[in-house]
2 protein chains.
Amino acid sequence: MATINDVARAAGVSPSTVSYVLSGRRPISAQTRERVQAAIAELGFHPHAGARALASSRTNVLALVVPLRTDVNVPVIMQFATAVVTASRTHNHDVLLLTKDEGTAGLERVAHSTMVDALIVMDVERDDVRIQALRRLKQPSVLIGLPADPAGIVCVDLDFEAAAAEALRHLAWHGHRKVALVGPSPAVYKRGTTYAERFLTGFTIGSAELGLETMTHPCEPDREGVRACLADVDAQLPGVTALVVHNEEALRMVLEELQASGRRVPADISVVAVCPRDVALNMPLPLTSVDIPAHDVGGLAVATAMKLLDGRPTEKVRLLPPTLVERGSTAPLAPTAG
Amino acid sequence: MATINDVARAAGVSPSTVSYVLSGRRPISAQTRERVQAAIAELGFHPHAGARALASSRTNVLALVVPLRTDVNVPVIMQFATAVVTASRTHNHDVLLLTKDEGTAGLERVAHSTMVDALIVMDVERDDVRIQALRRLKQPSVLIGLPADPAGIVCVDLDFEAAAAEALRHLAWHGHRKVALVGPSPAVYKRGTTYAERFLTGFTIGSAELGLETMTHPCEPDREGVRACLADVDAQLPGVTALVVHNEEALRMVLEELQASGRRVPADISVVAVCPRDVALNMPLPLTSVDIPAHDVGGLAVATAMKLLDGRPTEKVRLLPPTLVERGSTAPLAPTAG
DNA sequence: TTGAAAGCGGTACCAG
DNA sequence: CTGGTACCGCTTTCAA
């Protein structure tokens with residue numbers, strides 16, 4: 001492999017000049033620059049990452065911590081991950097993949113050994129033990145999620161509270177008064193996954209503000225779970241005219257069960273999904289949905305990390321406003337039912 | 001951050017001794033070792049990854065290339081990825097995550113800049129352009145999959161041909177003579193994804209060897225696609241008594257459509273799935289399945305990469321034998337139907 | 001606008 | 001069994 005010295009020799013300049021051509025950190029005459037670039041191309045020179053990291057204290061690598069567990073929504077995780085990788089590349093960074101099960105030790109390992117410049121952590125829980133560890137690191141970190149105490153750490157996420165409010169507002173606008181939330185599985189709540197809690201909060205507040213009659217119910221994403229959930233909804237909120245479904249895995253089954261019980265969507269019951277747009281579009285019926293913008297959130301996390309690395313100012317908590325797109329699964333409440 | 005020199009000073013030894021304590025590459029007296037380890041612990045010393053890479057020409061990082069496209073089965077991809085990360089950690093390596101869309105350039109970038117010791121590449125196609133690039137790298141690579149010409153590259157995967165044969169053998173043993181293959185979507189075949197082709201080959205050969213009456217049909221994993229596929233199967237192979245489903249996304253819908261058409265599984269029709277065990281177990285009915293051992297394959301890929309790095313001998317192509325587990329979705333053919 | 005050279009923090013060879 | 005030290009390849013300060 002060619003080194004910077006080989007390039008310097010071939011171009012008839014000093015190694016430092018080659019380095020400056022590469023980094024652009026000082027003016028170089030056009031002539032010199034061209035000679036150097038020609039030599040680089042000819043020799044197929046690629047700077048040695050380790051050497052660079054050693055000399056510059058910059059690795060150009062971001063750590064990404066993903067949950068390994070599969071009770072959490074895998075496709076969404078994957079969307080976040082690919083978004084982070086893609087965004088990182090546009091910022092000239094690569095991504096080191098860590099799994100959550102290494103816990104605090106994994107974070108400390110890659111940080112202390114200077115493998116990464118910053119860390120992006122997914123699947124953050126209410127009182128995540130990893131957060132105190134992150135605070136002690138010399139590298140900055142960005143959470144995707146929102147823990148109980150985000151002090152000293154930067155967080156980005158969808159504004160799930162607003163998302164719930166948005167869903168309710170849409171339904172209320174269409175005249176719906178009785179609305180049920182079909183939530184994630186109990187395990188998700190139990191774990192202290194904050195997006196679930198935040199959505200619930202927004203739902204409750206929104207319900208009160210709009211004067212709606214609502215109920216909420218977790219939902220195990222299998223056939224029996226969905227049936228049980230819908231049965232409870234019908235029992236506790238008779239005459240329900242709309243559902244907000246914050247449970248991707250269960251979504252398709254909810255639609256099927258509604259159909260099985262003889263209810264047409266949206267004629268008999270409206271459904272607002274909370275999910276990535278492609279999921280909403282790939283249902284039997286295109287669903288009105290509040291988008292989970294995994295791509296945007298991942299991109300924002302990376303952009304935020306870059307700001308931190310550059311010492312640029314950053315919001316401590318950045319919650320993206322939700323967008324609701326009306327598709328085929330919601331309709332105004334029929335006058336007779338109002 | 002403490003350096004090796006700080007540790008050496010604190011322990012009253014030379015830096016090289018500290019290095020040797022860390023690497024175990026030469027005998028150290030118990031006394032010295034303890035003093036050094038105490039100093040390491042006290043100072044919270046962690047070797048600088050870049051410095052280490054520079055001096056040793058070893059990064060202890062593996063590149064993992066995953067498909068970014070989502071027409072491919074996301075949960076399985078994720079299983080492979082987490083298996084690779086987990087296995088890498090047991091070998092004291094970390095994983096750099098690359099997406100397939102960077103193509104050849106991405107591979108060359110991380111290899112030429114010495115960011116990784118070896119590469120693991122998923123979603124390999126028949127005539128994958130990346131393969132020639134991999135051959136030129138100084139780092140070894142392991143493919144998960146099997147291209148047309150694997151010369152010079154090590155490949156690991158499930159033996160999909162044998163998997164198909166195994167599924168048919170199981171059904172034939174139970175007296176089934178008319179069997180249809182519900183395959184992946186046409187797009188998967190079109191792309192030259194070899195696992196699909198290999199399964200098809202195995203199915204065709206197995207069918208001939210067992211003297212079965214069979215047909216094969218790709219299947220778009222949505223409601224209409226599944227319906228159309230099953231309709232074609234019924235039309236072209238009337239009296240079909242068993243299905244082999246090599247399409248995870250479609251699996252649940254296949255079962256539901258069978259039920260909708262009044263056929264009970266396994267009483268009226270047997271179903272063998274080809275999927276990870278957890279998918280087979282999470283269906284309404286636990287399915288007899290040929291396992292896609294993502295964890296094993298990922299682990300094997302990593303172990304193989306380690307062998308290559310150590311200069312130990314390795315099989316060029318390693319195809320894991322399939323295992324079929326009988327669960328509730330297959331039954332002997334009823335005598336009356338035979 | 002460019003060059004010289006001192007590190008960055010380890011590794012591993014050469015000595016003893 | 002241990003120490004001294006020349007690198008590994010690049011960045012960046014100091015000089016010119």
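All values below were derived from every heavy atom in this structure, side-chain atoms included, with hydrogens, water molecules and symmetry-related copies excluded. In what follows, chains are A, B, ... by sequence order, proteins preceding strands, each numbered from 1.
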Peer 1: Between A:Ser16 and A:Ser19, do the side chains contain an N or O donor and an N or O acceptor separated by less than 3.5 Å?
Peer 2: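 Absent: no donor and acceptor within the cut-off.
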Peer 1: Can you tell which of C:dG9, C:dG3, C:dA12 lies closest to the side chain of A:Ser14?
Peer 2: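 The nucleotide sitting nearest to the side chain is C:dG3.
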Peer 1: For A:Ser19, answer base if it contacts any base atom (sugar-phosphate contacts may also be present), sugar-phosphate if it contacts only those atoms, and nothing otherwise; contact means non-hydrogen atoms under 4.0 Å.
Peer 2: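 Here A:Ser19 touches the bases of the nucleic acid.
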Peer 1: Mark yes or no for whether B:Ser23, through its side chain, and B:Arg25, through its backbone, hold a donor-acceptor pair below 3.5 Å.
Peer 2: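 Confirmed, B:Ser23 side chain pairs with B:Arg25 backbone.
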Peer 1: Taking side chain as C-beta onward, heavy atoms only, is B:Ile153 less than 4.5 Å from B:Leu134?
Peer 2: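 B:Ile153 reaches B:Leu134 side chain to side chain.
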Peer 1: Categorize B:Val18 for me: base, sugar-phosphate, or nothing, with a 4.0 angstrom heavy-atom threshold over every strand shown.
Peer 2: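 The answer is nothing, as B:Val18 stays clear of every strand by at least 4.0 Å.
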Peer 1: Provide, to the nearest angstrom, the distance between the CZ atom belonging to B:Arg33 and the P atom belonging to D:dC1.
Peer 2: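 In whole Å, D:dC1 P and B:Arg33 CZ are 9 Å from each other.
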Peer 1: From C-beta outward on B:Arg52, which listed nucleotide comes closest to its side chain: C:dG9, C:dG10, D:dC10?
Peer 2: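 Nearest nucleotide to the side chain: C:dG10.
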Peer 1: At less than 4.0 Å, is any side-chain N or O atom of B:Arg26 found next to OP1 or OP2 of D:dC1? Yes or no.
Peer 2: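 No.
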Peer 1: Less than 3.5 Å apart, any donor N or O on the side chain of A:Arg58 or A:Ser56 sitting next to an acceptor on the other?
Peer 2: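 Short answer, no.
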Peer 1: Counting side-chain heavy atoms from CB outward, which of D:dC10, C:dG9, C:dG3 is closest to B:Ala55?
Peer 2: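 When the side chain of B:Ala55 is considered, C:dG9 is the closest of D:dC10, C:dG9, C:dG3.
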Peer 1: Could you pick out which residue, B:Ile28 or A:Phe45, lies toward the 5' side of DNA chain D when each is mapped onto its nearest nucleotide?
Peer 2: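 Looking at the nearest nucleotide for each, B:Ile28 comes out on the 5' side.
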Peer 1: Looking only at side-chain atoms of B:His48, point me to the closest of C:dT1, D:dT11, C:dG9.
Peer 2: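 Shortest atom-to-atom distance from the side chain points to C:dG9.
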Peer 1: Taking the minimum atom-to-atom distance to the side chain of B:Ser16, which one of C:dT1, C:dA12, C:dG9 wins?
Peer 2: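 So the nucleotide nearest the side chain must be C:dA12.
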Peer 1: Check this one for me: any side-chain N or O of B:Arg25 less than 4.0 Å away from OP1 or OP2 of C:dT11?
Peer 2: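 Answer is no, no contact under 4.0 Å.
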Peer 1: Name the residue closer to the 5' end of DNA chain C, choosing between B:His46 and B:Tyr20 according to the nucleotide with the nearest heavy atom.
Peer 2: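 Residue closer to the 5' terminus by nearest nucleotide: B:His46.
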Peer 1: Please work out if B:Thr32 contacts a base, only the sugar-phosphate, or nothing of the nucleic acid, heavy-atom cut-off 4.0 Å.
Peer 2: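 Here B:Thr32 touches the backbone only, sparing every base.
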